[in-house]
Number of protein chains: 2
Amino acid sequence: MLISVNLQSDVPLYTQLTNQIIEGIASGRLAPGESLPSVRSLSSDLGINMHTVNKAYAILKQDGFVEIHRQKGVVIQHDLPVADAAYRTSLEEKLRPLISESICRKLSEEELLNLCRSLFRQIQTDS
Amino acid sequence: MLISVNLQSDVPLYTQLTNQIIEGIASGRLAPGESLPSVRSLSSDLGINMHTVNKAYAILKQDGFVEIHRQKGVVIQHDLPVADAAYRTSLEEKLRPLISESICRKLSEEELLNLCRSLFRQIQTDS
DNA sequence: TCAACTGTTATAATACAAATAGAACAGTAA
DNA sequence: TTACTGTTCTATTTGTATTATAACAGTTGA
């Protein structure tokens, strides 16, 4: 899967990486068991530091999206983490300010739901 | 409206403030024309620095949610900003990683939409 | 007029996170 | 052995978040 970073963005580089990899899993472009590039090769390809890639991989490992095989390096987990109560709470806390502002800006409930539905399907079928 | 901050949170204080005020507008607890506490009184009440509150107010002013009256201080805008194309794009960029992870965690499209709908109505009617 | 309040600005210091840099270690594969 | 894997260590630079003090211009009410 093709991975890139935007040095101008205010989103931290390691967050850009984790976001892209998680979207890759969601879309099926990254299948369970598949290997990710090594920290050294990916950092070299992107022109960024090794430790930045390592931090992204460490977060993905921490959250249960990847596991480390001494042989194959970093591979996508077969048993991906599921949406438990704690996750749903944190998701709500992240959605709340976004939905609040959309209400202020007179986005209707239907428009918001259509946007979410459209994104959901676009990500899921973007393999 | 009651405003509070969580010093333990990893969300910046000024972001906590802007989020709460925007949610207050969305819910109707803060009506257009209504005044916000002065930077000095609010910072004193919350036990934080004046500049932190001032930064939050400056962002709200920048985004068009409040205006400055030399007499009344900081008041909620009558003509609130609307959801233009630029806003929709930025909203999509913020929703995308959240939805991607929810797909990874096997949250169904219906569950996600129900959560968004529930939040939308809860915020809107929470006055 | 005077005192008390408004937002605003300037300067400085502290603390922390993000990113980079160079180096080394333990384990594994060809 | 050589070359690769993730991991860890120390150090530096940069930028943001937060606090601290101070001052300014304008407004309000006594």
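Letters go in sequence order (proteins before strands), and every chain restarts at 1. The basis for the numbers below is simple: all heavy atoms, side chains too, and nothing from hydrogens, waters or symmetry mates. Just so it is clear, the structure is predicted and the values come from calculations on it, not from any experiment.
- Nearest heavy atom pair, residue B:Glu92 against residue A:Leu115, reads CG-CD2, 3.6 Å.
- Residue-level contact check: B:His51 touches the bases, meaning some heavy atom is under 4.0 Å from a base atom.
- Although no hydrogens or angles enter the test, the distance criterion places a donor-acceptor pair under 3.5 Å between the side chain of B:Thr89 and the main chain of B:Ala85.
- Minimum atom distance to the side chain of B:Ile48 is reached by D:dT19, of the listed D:dT19, C:dG7, C:dT9.
- Checking D:dA17, D:dA20, D:dG6 against every side-chain atom of B:Pro12, the shortest atom distance belongs to D:dA17.
- Taking only side-chain nitrogens and oxygens, B:Lys61 comes nearer than 4.0 Å to OP1 or OP2 of C:dT8.
- Taken to the nearest 0.5 Å, the CD1 atom of A:Ile99 stands 9.5 Å off from the CD atom of B:Gln122.
- Nearest nucleotide to the side chain of B:Val74, out of D:dT8, C:dG7, D:dT19: C:dG7.
- Between B:Gln8 atom CD and C:dC16 atom C1' there is a gap of 15 Å when expressed in whole angstrom units.
- Relative to the side chain of B:Ser38, the nucleotides D:dT8, C:dG7, D:dT18 differ in distance, and C:dG7 lies closest.
- For A:Ile59 and D:dG6, the CD1 to C1' distance is 16 Å, given to the nearest whole Å.
- Atom pair B:Asn54:CG and D:dC24:C1' shows a separation of 14 Å (rounding to whole Å applied).
- One interatomic measurement links the two molecules: CG of A:Leu13 to C1' of C:dA21, which rounds to 15 Å at whole-angstrom precision.
- Judged by distance alone, the side chain of B:Tyr57 and the main-chain N or O of B:Ser38 form no donor-acceptor pair under 3.5 Å.
- Phosphate proximity of C:dA18 to A:Tyr14: present, with a side-chain N or O under 4.0 Å from OP1 or OP2.
- Distance, A:Asn49 CG to C:dA21 C1': 6 Å, rounded to whole Å.
- Residue A:Ile68 contributes atom CD1, which lies 14 Å from atom C1' of D:dT8 at whole-angstrom precision.
- Rounding to whole angstrom units, CE of residue B:Met50 and P of C:dC5 are separated by 15 Å.
- Between the side chain of B:Asn49 and the backbone N or O of B:His51, at least one donor-acceptor pair lies under 3.5 Å.
- Comparing atom distances between the B:Arg40 side chain and each of C:dT9, C:dG7, D:dT18 picks out C:dG7 as nearest.
- Note on B:Lys55: only backbone sugar-phosphate atoms sit closer than 4.0 angstrom, heavy atoms only; bases stay farther off.
- Using a 4.0 Å cut-off, some side-chain N or O of A:Thr52 falls inside it from OP1 or OP2 of C:dT20.
- To the nearest angstrom, P of D:dT18 lies 10 Å from CG of B:Leu7.
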